[in-house]
Amino acid sequence: MRIIGTGRAHPAKVVTNAMLEGFLDTSDEWIRTRTGIQERRLISSERLEDLATEAARKAIEDAGLTPADIDYIICSNVVNEYITPGLSCIVQGAIGARCASVDVNAACSGFIYALDMADDRIRSGKARNILVLAAEEPTRMVDWEDRSLCVLFGDGAGAVVVTGGDGLICSRLTTTSKLDCLHYVRRLEPTPYITKEEYSAPMYMNGKEVFKTAVLSSSRDIKVLLDKSGLKPSEIKYYVLHQANFRIIEAIANWLKLDLSHFPTNVERCGNTSSASIPLLLDELAREGKLQKGDKILMSAFGAGFTTGACIIEWTK
Ligand code: ACO
């Protein structure tokens, strides 16, 4: 597959660190130095499906296609207001496409999983033009009285359109079941037969454990992909990494002995937007004219699971 169009949509509400100081025992200084985040965009009056639809429309337009040309939709999403139907299905109707659609939940790595699935579908000849979306509202999973978590996240939707071509050089997906370090649990509807104990709880994260695992797993994925492709670290124009924390990105850049100019970021403006962070950043780079034909881009993400997903693509647009 190769990427032929990108799009993104952000919520209108900008929440700065100073605004959080108004109701949390936190400070701009703490948040900036620990995470690099200065502000984030939060869902307020919008619905996530509206952002997903806007990102999808922009990506399809950028690809020079119409919704009728899309023959499969894959949407990475962890939560939204609907448990069912899937967000991909809601977007399919909203853009006026008629193709099959499916949701993927691989937490923050979901966009890379979706891209990999799109590649398989194109290789098998089952689809020509696929809309790959990531739309997330992680700010709805956290306790807004818990300063250690709510300051980290932001909401948004990013999308790409892919078609047949030689844009995917290699990819790597891993899953290591490790529920204790990051999870979010919701109680389901009761039935007369439930005898087990059930509960709802906002997101739990062991930040230090996630930090270490993220740096180690992302660095390992990057090394495996560079070895596999025969590319030197300096031959990658941009490392588009999951935007969870600037210090994680900095640690990976140091490990690769590369200048931070190879590591574009939006975490300072958007916070951690879960699986949407990579397509949001990719669209920013594309629309700012920073991507040229032939550029090699390495994308690497990690998230709850623990899942990781990474790939090297060549920009062919
Ligand atoms: N403001 C002020 N103080 C705070 C805040 C806050 N917002 N949050 C925590 N603190 C305090 C803590 O209470 C603690 O105080 P204590 O020493 O008196 O107990 C102190 O700051 C240090 O807290 P730590 O948790 O040790 O801070 P740390 O340096 O580890 O940074 C952080 C925390 C930013 C969460 C870091 O561990 C991290 O980024 N981890 C990775 C998180 C991540 O990447 N998550 C996403 C991955 S998966 C996904 O995207 C869903």
Side-chain angles (χ1 to χ4, degrees), residues 15-40 76-80 104-113 134-156 158 174-185 201-219 221 240-253 263 265-268 270-281 299-310:
V15 176
T16 63
N17 293 343
M19 288 159 79
L20 298 178
E21 287 175 357
F23 63 93
L24 282 172
D25 179 16
T26 190
S27 65
D28 176 50
E29 198 265 335
W30 192 97
I31 301 171
R32 270 179 204 252
T33 53
R34 303 287 174 131
T35 71
I37 300 167
Q38 297 168 25
E39 61 185 37
R40 69 284 292 140
S76 162
N77 172 253
V78 177
V79 288
N80 71 91
V104 173
N105 180 350
C108 304
S109 314
F111 176 72
I112 309 291
Y113 276 71
E136 302 281 14
E137 46 184 338
T139 65
R140 308 300 304 279
M141 294 194 272
V142 294
D143 174 0
W144 276 79
E145 290 181 359
D146 178 357
R147 65 177 183 174
S148 68
L149 275 185
C150 68
V151 304
L152 304 176
F153 295 99
D155 306 317
T174 76
T175 300
T176 310
S177 184
K178 203 173 176 185
L179 274 66
D180 56 341
C181 94
L182 178 54
H183 58 255
Y184 169 53
V185 178
M203 186 197 287
Y204 167 81
M205 179 173 76
N206 178 337
K208 281 196 194 311
E209 191 59 31
V210 171
F211 193 104
K212 271 190 289 179
T213 313
V215 174
L216 286 174
S217 59
S218 215
S219 303
D221 285 354
V240 178
L241 307 187
H242 173 42
Q243 304 286 298
N245 182 321
F246 183 71
R247 284 162 54 217
I248 293 178
I249 297 169
E250 203 174 32
I252 294 169
F263 293 78
T265 60
N266 65 16
V267 67
E268 64 279 11
C270 301
N272 177 349
T273 53
S274 188
S275 73
S277 82
I278 287 180
L280 282 171
L281 188 51
M299 303 190 259
S300 171
F302 52 85
F306 201 82
T307 61
T308 75

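One-based numbering, in listed order, for ligands and for the atoms of each. Here the structure is a predicted model, which means the values were calculated and not measured.
- Within ligand 1, the atoms closer than 4.0 Å to a non-hydrogen atom of Arg34 are 22 (C), 27 (O), 28 (P), 29 (O), numbered from 1 in the order shown.
- Between the side chain of Trp144 and the backbone N or O of Leu24, no donor-acceptor pair lies under 3.5 Å.
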Given the rule in the side-chain contact (heavy atoms from CB on, under 4.5 Å) test, do Leu182 and Tyr204 qualify, once you have shown the distances and angles that lead to the verdict?
CA-CA 5 Å; Leu182 178 54; Tyr204 167 81; over 6 Å; no

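- Protein heavy atom closest to atom 1 (N) of ligand 1, with residue, atom name and distance, is Thr26 OG1, 2.6 Å.
- Shortest contact from atom 51 (C) of ligand 1 to any protein heavy atom: Cys108 SG, 3.1 Å.
- The closest approach between His242 and ligand 1 falls below 4.0 Å for a heavy atom of the residue.
- For ligand 1 and Ala244, the ligand atoms under 4.0 Å from any heavy atom of the residue are 44 (O), 46 (C).
- Between Asn245 and ligand 1, at least one pair of N/O atoms sits closer than 3.5 Å.
- Heavy-atom contacts of Phe211 reach the following atoms of ligand 1: 38 (C), 39 (O), 40 (N), 41 (C) (cutoff under 4.0 Å).
- Side-chain atoms of Asp28 do not come within 3.5 Å of backbone N or O of Asn17 as any donor-acceptor pair.
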Pair Ile249-Ile252, side-chain contact (heavy atoms from CB on, under 4.5 Å): steps then yes or no
CA-CA 5 Å; Ile249 297 169; Ile252 294 169; 6.0 Å; no

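- For atom 8 (N) of ligand 1, the nearest protein heavy atom lies closer than 4.0 Å.
- When atom types are taken as modelled, the side chain of Asn77 and the backbone of Asn105 share no donor-acceptor pair closer than 3.5 angstrom.
- For atom 29 (O) of ligand 1, a protein non-hydrogen atom is found at a distance below 4.0 Å.
- Among all non-hydrogen protein atoms, the one lying nearest atom 47 (C) of ligand 1 is Val210 CG1, 3.5 Å.
- For Arg32 (side chain) and Gln38 (main-chain N/O), no donor-acceptor pair under 3.5 Å exists by modelled atom type.
- Among all protein heavy atoms, the one lying closest to atom 48 (S) of ligand 1 is Leu182 CD2, 3.4 Å.
- For atom 18 (O) of ligand 1, the nearest protein heavy atom is 4.0 Å or more away.
- Between Gly207 and ligand 1, at least one N/O pair is under 3.5 Å apart.
- Contacts between Thr35 and ligand 1, counted as non-hydrogen atom pairs separated by less than 4.0 Å, involve the side chain only.
- Ranking the protein heavy atoms by distance from atom 42 (C) of ligand 1 puts Met205 CE, 3.5 Å first.
- Counting heavy atoms only, Trp30 comes closest to atom 4 (C) of ligand 1 of the residues Tyr184, Phe246, Trp30.
- For atom 35 (C) of ligand 1, the closest heavy atom belonging to the protein is Leu152 CD1, 4.0 Å.
- With respect to Lys178 and Glu209, a salt bridge is recorded, a charged nitrogen being found less than 4.0 Å from a carboxylate O.
- Within the 3.5 Å criterion, the main-chain N or O of Gln243 finds a donor-acceptor partner in the side chain of Ser277.
- When atom types are taken as modelled, the side chain of Asn245 and the backbone of Arg34 share a donor-acceptor pair closer than 3.5 angstrom.
- An N or O contact shorter than 3.5 Å links Arg147 to ligand 1 by distance.
- For atom 24 (P) of ligand 1, the closest non-hydrogen atom of the protein is Lys208 NZ, 3.8 Å.
- For ligand 1 and Ile248, the ligand atoms under 4.0 Å from any heavy atom of the residue are 44 (O).
- With hydrogens left out, the protein atom closest to atom 46 (C) of ligand 1 is Asn272 ND2, 3.4 Å, a heavy atom.
- A donor-acceptor pair under 3.5 Å is formed between the side chain of Ser109 and the backbone N or O of Thr307.
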Begin with the C-alpha distance, continue with both residues' side-chain angles, and end with the deciding distance and a verdict on side-chain contact (heavy atoms from CB on, under 4.5 Å) for Arg40 and Leu20.
CA-CA 11 Å; Arg40 69 284 292 140; Leu20 298 178; 3.6 Å; yes

For a side-chain hydrogen bond (donor to acceptor under 3.5 Å, both in side chains) check, start with the C-alpha distance between Tyr113 and Thr175, then their side-chain angles and the critical distance, and finish with the verdict.
CA-CA 11 Å; Tyr113 276 71; Thr175 300; 3.1 Å; yes

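- Checked by atom type and distance alone, the side chain of Thr35 pairs as donor or acceptor with a backbone atom of Ile37 at under 3.5 Å.
- Neither the backbone nor the side chain of Leu24 has a heavy atom within less than 4.0 Å of ligand 1.
- For atom 14 (C) of ligand 1, no protein heavy-atom neighbour is present inside the 4.0 Å cut-off.
- Between the CG atom of Asn272 and the CD atom of Glu136 there is a distance of 9.5 Å, given to the nearest 0.5 Å.
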